[in-house]
Number of protein chains: 2
Amino acid sequence: MGRPPALSRERIIDGAAALIAEHGADALSARRLGEALGCDPSALYRHFEDMGELKREVGDRYLATARVGERTNESWRCALRRICIELRKVQLRQPRLAALVRAAPTRLANELRITEALLRELARGGFDLASAASAYHSLIELTVGSAAIDADLGGQPAADRRKAYREWQRHYAALDPIEFPHAVAIASHLYVGSADARFLEALDALLAGLSSLERQATQ
Amino acid sequence: MGRPPALSRERIIDGAAALIAEHGADALSARRLGEALGCDPSALYRHFEDMGELKREVGDRYLATARVGERTNESWRCALRRICIELRKVQLRQPRLAALVRAAPTRLANELRITEALLRELARGGFDLASAASAYHSLIELTVGSAAIDADLGGQPAADRRKAYREWQRHYAALDPIEFPHAVAIASHLYVGSADARFLEALDALLAGLSSLERQATQ
DNA sequence: ACCTGAACACCGTTCAAGT
DNA sequence: ACCTGAACACCGTTCAAGT
């Protein structure tokens, strides 16, 4: 074992990521991280402005696992779909960290790769610059936004989620049919299947809309 | 003045809402709320299981301001659009509280009114139950999700946001054009206008997609 | 019945003092 | 140059004791 190596940004980020991976994002605190690294909590402030800066660095790290490279023989629509699914996947893999990347683009290497890939496919689809920018923003709003919704529940096991879905269905079905006729009628169709499936349906509808708006513009 | 009236759920919720409205959601703590109400922090636990339950109650309250009533001479698509815009508006009015309503439906009165209104319009648009449920989920994913993205930045003044947008534009424009050709080319078209405008473009694309998918199905 | 006060187990961050 | 230790100003929550 020996004594732990000297403190460094890298070691601290590693330690923070490990802490979060094992015990959840709430477990990250200066005191706990200090103990894990074998240093005083206050030593961290020599390497990071504050805990927020450290969290952002950890947040950027998990985006690195997103695979958004080009593929041969793939339509631009399929590629956009694939990249959005991939982006959602990495966000839900570390749901609590996703929050760090949500509000503002990090503009760091990993996020830029994803942005460039989306813009590349939109260009391939024949979108002009203004339409491509609009479509890019729309895809991000849906993909990142939907991940934000599902992140909180995503933390708990699948069985618990399904149980919650069934409970909500029953709740809607049991409402007063005079006051909420449509909710009662549709109850058994709400929250069917997984959150991933619902995201895919929304994504396909959005892609269909983007295509049709694009076709109108170029006619 | 006289001494403050006896504690009650209502008084506590009022106090918490006032605290948040004045100093932001982070200002809500048992100690501060206790001081504001003139009682010991621990007295709150006689009326609420924990601070989470109190926050949920405050969260439900702000949804009450959403106006989703029927209007004459309005197409179902315009109505859906209007309701989603309204839902976004109330979420951004108290951005930090919106987080409380995000992960799971509260299934309380105010949220049910909104759900029923959306389902009503989808039924009017000729969607069958399964398609309406899918479309409902898609609209919620985009509307609530996008509000989640914008909520964090929504808290700060408009001038600061515009400044951040310009900074991101410049950052994308200054990237290496060999590595990120599309990002560099499109930089001046990204983050143009307001977050509200971007939401509207995404919403219109999604509505167009939902309509076209619906038309295909009924053909 | 309802509330208080003290206590327990935590936070992030700063800064003089040590090595 | 880098880290420690103590301190400051906070958290949520519990529970015996008071009124």
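In the text below, chain A, chain B and the rest are named by the order of the sequence lines, each starting its count at 1. What you are looking at is a predicted structure, and each value in this text was computed from that prediction instead of being measured.
Within the structure, a side-chain polar atom (N or O) of B:Arg32 is placed less than 4.0 Å from OP1 or OP2 of D:dC11.
The interatomic distance linking B:Asp40 (CG) with D:dT19 (P) rounds to 15 Å, in whole Å. Regarding A:Arg11, its CZ atom lies at a distance of 14 Å from the P atom of D:dC2, rounded to whole Å. Spacing between atom CG of B:Leu28 and atom P of D:dT13 amounts to 11 Å, rounded to whole angstrom units. Atom-to-atom, CG of B:Leu44 to C1' of D:dT14 comes out at 14 Å; the value is rounded to the nearest Å. Note: OH (B:Tyr45) to P (C:dA7) measures 19 Å, nearest angstrom. In this structure, CG of B:Leu33 is placed 16 Å from C1' of D:dC10, rounded to the nearest angstrom. Atoms CD (A:Glu35) and C1' (D:dG5) sit 16 Å apart, rounded to a whole Å. Rounded to an integer number of Å, the gap from CG of A:Asp26 to P of C:dG12 is 11 Å.
Test A:Arg198, A:Arg88, A:Gln91 against A:Ser146 for side-chain contact (heavy atoms from CB on, under 4.5 Å) and you get one pass: A:Arg88.
Stem analysis of DNA chain C (at least three stacked-register Watson-Crick or G-U pairs, each with both distances under 3.5 Å) gives C:4-8 with D:12-16, C:12-16 with D:4-8.
Aromatic ring centroids of B:His137 and A:Tyr191 lie under 6.0 Å apart.
Formation of a donor-acceptor pair under 3.5 Å by the B:Glu116 side chain with backbone atoms of A:Ala183 is found in this model. Panel note: side chain B:Arg161, backbone B:Ser194; no donor-acceptor pair is recorded below 3.5 Å. No side-chain donor-acceptor contact under 3.5 Å links A:Arg67 to the backbone of A:Glu86. Put simply, the side chain of A:Asp50 gets close to the backbone of A:Glu53: a donor and an acceptor are under 3.5 Å apart.
D:dA9 and C:dC10 have their P atoms separated by 22 Å, given to the nearest Å.
Looking at which nucleotide of DNA chain C each of A:Ser42 and A:Ser29 is closest to, the 5′-most match is held by A:Ser29. Nucleotides of DNA chain C nearest to B:Arg31 and B:Ser8 differ in position, and the one nearer the 5' end is that of B:Ser8.
By the 4.5 Å heavy-atom criterion applied to side chains, A:Leu139 and A:Glu121 are not counted as neighbours. Here the side chains of A:Asn110 and A:Thr65 are not in contact, with every heavy-atom distance at 4.5 Å or above. Residues A:Asp14 and A:Arg11 are not in side-chain contact: their nearest non-hydrogen atoms beyond the backbone lie 4.5 Å or more apart.
Of the residues in residues 46-54 of chain B, those placing a heavy atom less than 4.0 Å from an atom of DNA chain D are B:Asp50, B:Met51, in numerical order.
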